[in-house]
Amino acid sequence: MQVLRTPDDRFEGLKDFAFAPHYATVGDGLRLGYVDEGPRDAAPVLLMHGEPSWSYLYRHIIPKLSGKHRVLAPDLIGFGRSDKPADKADYSYEKHVAWMSDWLVGLDLKNITLFCQDWGGLIGLRLVAAFPERFARVIVANTGLPTGTGMTEGFKQWLEVSQAMPVFPAGAFVNMGSGRTLDDAEIAAYDAPYPDESYKTMARIFPTFVPVTPEHASVAENLAAWKVLEAFDKPFLTAFSDGDPVTRGGERAFQERVPGAKGQAHVTIQGGGHFLQEDKPAEIAQLIETFIAGDQP
């Protein structure tokens with residue numbers, strides 16, 4: 001396997017991102033980078049990003065939580081500080097689940113509060129299904145767990161655009177998917193993990209892995225995961241934004257099918273785009289804090 005590793009100097013001086021890097025080994029020797037802030041003896045808050053972002057997405061949320069909680073924000077393999085296999089064949093949905101499972105078990109995380117968005121949900125909810133005993137509560141935002149039954153028009157457009165562009169502008173895509181306009185430094189930070197196009201293999205092909213047709217891989221695995229979620233009675237909250245055409249309406253499946261979602265004060269994040277962490281970080285941090293405390297948001 002040819003593995004690319006982004007030089008450390010690409011991450012120096014990024015706007016509002018002074019967190020120390022941490023690393024773990026997953027799979028066949030791949031290095032996975034992650035942020036780990038706050039007291040180590042506190043219950044963990046796990047913040048999972050999606051496509052084509054990285055843990056930089058949570059830079060304004062981490063400090064608001066790390067005074068009381070252990071806050072972890074991993075970079076999926078192929079993103080951020082994590083290693084980036086160069087060949088498309090080195091990636092799959094199931095490999096991502098396995099890599100993140102290695103990381104979760106390796107750190108022996110328990111009593112976890114999960115906040116997940118985009119692919120952070122597609123992978124994070126598979127972790128919940130694989131290790132339900134390790135999770136105390138879940139917040140899902142602008143995500144889903146698809147089982148081959150179709151896609152929104154918004155996702156169809158994203159799939160087509162992401163595969164057609166000769167140059168994949170990660171920072172510009174995050175900017176386009178946010179409700180506010182990111183500044184040049186923020187856009188550059190999203191581009192930082194990719195010195196050139198060869199580093200973007202995963203970022204480019206990830207949309208093709210979403211199991212939106214019966215023929216896609218991982219449909220059976222996601223159906224099995226739903227069976228576990230349909231018995232998951234720990235607190236489960238939806239916090240989708242009002243401005244995301246990609247996942248619009250996706251909260252209903254969780255509200256109707258997950259026992260832990262019954263009776264929760266589900267919220268709609270007003271003024272948020274697909275990357276609602278960019279638009280409403282203070283609101284999200286407070287939502288997480290309140291949910292952990294057991295109060296109604």
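Values in this document were obtained by computation on a predicted structure and should not be read as measured data.
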Point to revise | D28, CG: over 12 other non-hydrogen atoms inside 6.0 angstrom | key: no
Point to revise | With sequence neighbours excluded, residues passing ring-ring contact (aromatic ring centres under 6.0 Å, His included) with F168 | key: F173
Practice item. Could you check D118 against T143 for side chain to side chain contact (heavy atoms under 4.5 Å, CB included), going step by step and ending with a plain yes or no? Key: CA-CA 4 Å; D118 193 89; T143 190; 5.5 Å; no
Review point. What pairs meet the salt bridge (charged side-chain N to carboxylate O under 4.0 Å, His left out) rule with one or both residues in residues 47-59, with sequence neighbours excluded?
Key: R59-E186, R59-E278
Point to revise | Aromatic contact, Y23 with W103 (centres under 6.0 Å) | key: no
Check your understanding: Which residue pairs satisfy the ring pair (Phe, Tyr, Trp, His ring centres under 6.0 Å) criterion with at least one member in residues 268-290, sequence neighbours excluded?
Key -> none
Review point. More than 12 foreign heavy atoms under 6.0 Å from CZ of R257: is that the case here?
Key: yes
Study note, to complete from the structure: Contacts of S218 meeting side chain to side chain contact (heavy atoms under 4.5 Å, CB included) (sequence neighbours excluded), chain-then-number -> Y93, E94, E221
Review point. Is any side-chain heavy atom of M1 less than 4.5 Å from a side-chain heavy atom of D87?
Key: no
Practice item. Output all residues satisfying side-chain hydrogen bond (donor to acceptor under 3.5 Å, both in side chains) with R81, sequence neighbours left out; order by chain, then residue number. Key: none
Point to revise | Set of residues satisfying side chain to side chain contact (heavy atoms under 4.5 Å, CB included) with respect to D108, sequence neighbours excluded | key: K110, R134
Check your understanding: Among all residues two or more places apart in sequence or in another chain, which pass the ring-ring contact (aromatic ring centres under 6.0 Å, His included) test with Y194?
Key -> none
Check your understanding: Is the shortest distance from a Lys or Arg side-chain nitrogen in R40 or D36 to a carboxylate oxygen in the other one below 4.0 Å?
Key -> yes
**Study point:** Contacts of type ring-ring contact (aromatic ring centres under 6.0 Å, His included), residue F206, not counting sequence neighbours
**Key:** F79, H96, W119
Check your understanding: Taking the side chain as C-beta and beyond, is there a heavy-atom pair between R204 and E197 under 4.5 Å?
Key -> yes
Exercise for review: Would you please name every residue forming a salt bridge (charged side-chain N to carboxylate O under 4.0 Å, His left out) with K95, sequence neighbours left out?
Suggested key: none
Exercise for review: Can you sort out the partners of E289 under side chain to side chain contact (heavy atoms under 4.5 Å, CB included), two or more places apart, ordered by chain and number?
Suggested key: L65, K68, H69, Q286
Exercise for review: Could you verify whether a donor N or O on one side chain and an acceptor N or O on the other, from D244 and S241, lie under 3.5 Å apart?
Suggested key: no
Check your understanding: Quick one: do L125 and L223 end up in the same hydrophobic cluster if we chain Ile, Leu, Val, Met, Phe, Trp and Tyr together by side-chain heavy atoms under 4.5 Å apart?
Key -> no
Give the table of side-chain donor-acceptor pairs shorter than 3.5 Å for residues 266-273, with sequence neighbours excluded, one pair per line with atom names and distance.
from: H266; atom 1: ND1; to: T238; atom 2: N; distance (Å): 3.0
from: H266; atom 1: ND1; to: T238; atom 2: OG1; distance (Å): 3.1
from: H266; atom 1: NE2; to: A261; atom 2: O; distance (Å): 2.8

Check your understanding: Are V212 and V219 connected in the hydrophobic side-chain network, where two residues link if heavy atoms are under 4.5 Å apart?
Key -> no
Review point. Are V97 and F131 joined in one hydrophobic group, where the rule is that I, L, V, M, F, W and Y side chains link up if heavy atoms are under 4.5 Å apart?
Key: yes
Review point. Looking just at side-chain N and O atoms, do T201 and K84 make a donor-acceptor pair shorter than 3.5 Å?
Key: no
Practice item. Apply side chain to side chain contact (heavy atoms under 4.5 Å, CB included) to T152 and list each qualifying residue two or more places apart in sequence or on a separate chain. Key: F155
**Study point:** Non-hydrogen side-chain atoms of V45 and I292 separated by less than 4.5 Å
**Key:** yes
Exercise for review: Tell me whether I205 is reachable from V246 by hopping between hydrophobic residues (I, L, V, M, F, W, Y) whose side-chain heavy atoms are closer than 4.5 Å.
Suggested key: yes
Exercise for review: State plainly whether the residues K262 and D233 are in salt-bridge range, i.e. N to O under 4.0 Å.
Suggested key: no
